[in-house]
Number of protein chains: 2
Amino acid sequence: MYDIENSIGFLLAKAYQRAWAVMKEEIEPYDLTPPQFALLSFLWQQDGLTQVELSDKGQIDRSTVGGLIDRLERGGLLERRQHPQDRRAHLIFLTEHGKAMEDTLSACAERSLKRITTGLSEDEIKEFRRMLNILRGERRVYEIPSC
Amino acid sequence: MYDIENSIGFLLAKAYQRAWAVMKEEIEPYDLTPPQFALLSFLWQQDGLTQVELSDKGQIDRSTVGGLIDRLERGGLLERRQHPQDRRAHLIFLTEHGKAMEDTLSACAERSLKRITTGLSEDEIKEFRRMLNILRGERRVYEIPSC
DNA sequence: TACATATTATCTGCATAATGACAATATCCC
DNA sequence: GGGATATTGTCATTATGCAGATAATATGTA
C-alpha cells in the first residue's frame with residue numbers, strides 16, 4: 001500500500017503550504033502574498049529588468065510573472081516603463097514605495113523563518129537548505145549583463 | 001539585502017514545484033495531477049469517508065477537496081454516495097477503476113521519487129523526511145490524545 | 001537594400017489548485 | 001421548537017503552467 005503520508009512529495013507540499021501560510025500571515029498587513037514578496041526581493045537586488053529576465057531569475061513562468069507584476073503595479077510597488085530600444089518589452093522599476101518596503105518586509109521574512117524552523121538547529125537548517133538545492137535540480141543561472 | 005535565492009521559503013517553493021512537475025509528468029498519461037493522486041492514495045488506505053474526513057486526513061481545505069472529488073468523479077475513479085444517516089454528507093468510494101489504478105500509479109510515484117532524489121543518499125532522504133515533518137508543524141488531526 | 005522567415009516579449013484564455021467568505025441545507029442539543 | 005453546529009456547494013482572488021495570438025525585432029537570402 002502506498003504510504004502517501006511519508007512520501008517526499010506529500011511532505012514537501014505540506015511543508016511548503018505551512019511556510020506559505022506563515023509568511024502570508026506576516027505580510028498580510030501590507031496586502032502582499034509570498035510570490036509577490038519573492039518578486040520584490042529580486043527587484044531589490046536589481047530593477048530595470050524585463051519580464052523575461054525576472055521570469056528567468058525567479059524561475060517563474062512568464063504569464064505568472066505578468067500577473068504578479070499586474071498586482072504589484074496596482075499596489076503601487078513597481079511600474080512598467082517602456083524599453084528604450086525594444087518596443088515589445090517593458091522594464092520593471094520599483095517605485096519609491098516599493099524601495100521603502102525592503103526593510104519592513106525583510107523583517108517579516110526573518111520572523112517567518114524563525115517561526116517555521118523552530119525545532120531545527122542552525123546546522124540542520126543549513127543542511128536542509130543544501131538538500132533543497134539538490135532536489136530543486138540544477139538551475140542555469142542567467143547572468144544579466146549590466147551593459 | 002534580503003537573499004531570496006537562499007531563503008527556505010523560496011527553496012521550498014522551487015523544490016516543491018520540481019517534485020510536482022516530475023510527478024505530473026509520470027502520471028500525465030492517466031490524466032491525473034499530483035493532488036488528485038494524493039487523494040486517491042488516502043482512499044486506497046480507506047474509502048467510504050466523508051469529504052470532511054478526507055479533508056482532515058489529507059490536510060486539504062474543504063473546498064479544495066470538493067473540487068478534487070469533482071474531477072476524480074468526472075474521470076470515473078471514485079463516486080459520491082449518499083450517507084445513510086446524514087443527508088448533508090457524501091461518502092466517497094473508489095470505483096473498480098479507481099481501485100485498479102493503485103499499482104500503476106504507485107509505480108509512477110516510486111519512479112518520481114527516484115528521479116527527484118537523485119543526488120541524495122538513503123540516509124539523507126530519511127533525514128530530509130524528518131526535517132520536512134518538523135517544518136510541516138504539529139498535526140492535531142487524528143492523533144491519540146496523550147492524557 | 002528589401003523581403004520573407006524566425007525568434008522574442010508580452011498578453012490572453014484555459015485548466016487546476018489553494019484558501020477564505022458566504023449560503024443552503026441538515027443535524028444535534030437544550 | 002429553536003438556536004448552534006456541521007456538511008457541502010458556490011464564488012472571488014491568487015498562483016501556476018501551457019498553448020496560442022499578436023506585435024516587434026532579428027536574421028538570412030536574393
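Residue numbers begin at 1 in each chain, while the letters A, B, ... track the order of the sequences.
Salt bridge status for Arg130(B) with Glu127(A): absent, with no side-chain N to carboxylate O gap under 4.0 Å.
Computed from coordinates, the Ile27(A) CD1 to dA15(D) C1' distance equals 13 Å when rounded to whole Å. When rounded to the nearest whole Å, the span between CG of Leu49(A) and P of dA9(C) equals 13 Å. Atom CD1 of Ile69(B) and atom P of dT16(C) are 15 Å apart (whole Å). The CG-P distance, from Asp70(B) to dA15(C), rounds to 14 Å in whole Å. In this structure, Leu54(B) atom CG and dT7(D) atom P are separated by 12 Å, rounded to whole Å. Rounded to a whole Å, the CG atom of Leu39(B) is 14 Å from the C1' atom of dA18(C). A straight line from CD of Glu73(B) to C1' of dT16(C) spans 17 Å, rounded to a whole angstrom. Leu72(A) places its CG atom 8 Å from the P atom of dA15(D), with the value rounded to the nearest Å.
Between Leu43(A) and Phe93(A) there is no side-chain heavy-atom pair separated by less than 4.5 Å. The side-chain heavy atoms of Met101(A) and Leu40(A), taken from C-beta on, include no pair separated by under 4.5 Å.
At the phosphate of dC11(C), OP1 or OP2 sits under 4.0 Å from a side-chain N or O atom of Gln51(A). Dashed line: the shortest gap from a side-chain N or O of Arg62(A) to OP1 or OP2 of dC11(C) is not under 4.0 Å.
Aromatic ring centroids of Phe37(A) and Tyr2(B) lie under 6.0 Å apart.
Between the Ser106(A) side chain and the Asp103(A) main chain, no donor and acceptor come within less than 3.5 Å of each other.
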field: Worked check of salt bridge (Lys or Arg N to Asp or Glu O under 4.0 Å) between Arg80(A) and Asp70(A)
entry: CA-CA 9 Å; Arg80(A) 287 174 163 100; Asp70(A) 280 346; 2.9 Å; yes

task: Under the salt bridge (Lys or Arg N to Asp or Glu O under 4.0 Å) rule, what do Lys24(A) and Glu28(A) come out as? Steps first, then yes or no, please.
output: CA-CA 6 Å; Lys24(A) 180 83 191 300; Glu28(A) 190 102 85; 3.5 Å; yes

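Between Pro34(B) and Ala89(A), the residue anchored closer to the 5' end of DNA chain C is Ala89(A), taking for each the nucleotide with the nearest heavy atom. Nearest-nucleotide assignment on DNA chain D puts the 5′-proximal partner with His90(B), out of His90(B) and Gln36(A).
The stretch residues 75-87 of chain A touches DNA chain D through Gln85(A), Asp86(A), Arg87(A), each having a heavy atom under 4.0 angstrom from the strand.
Using modelled atom types, one finds a donor on one side chain and an acceptor on the other under 3.5 Å when comparing Ser63(B) with Asp61(B).
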message: Base contacts versus sugar-phosphate-only contacts with protein, heavy atoms under 4.0 Å: please encode nucleotides 16-23 of chain D as B, S and - from 5' to 3'.
response: BBB----B

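Connection of Leu12(A) to Leu113(B) is established within a shared hydrophobic cluster, with ILVMFWY side chains joined at heavy-atom distances below 4.5 Å, either directly or through further cluster members.
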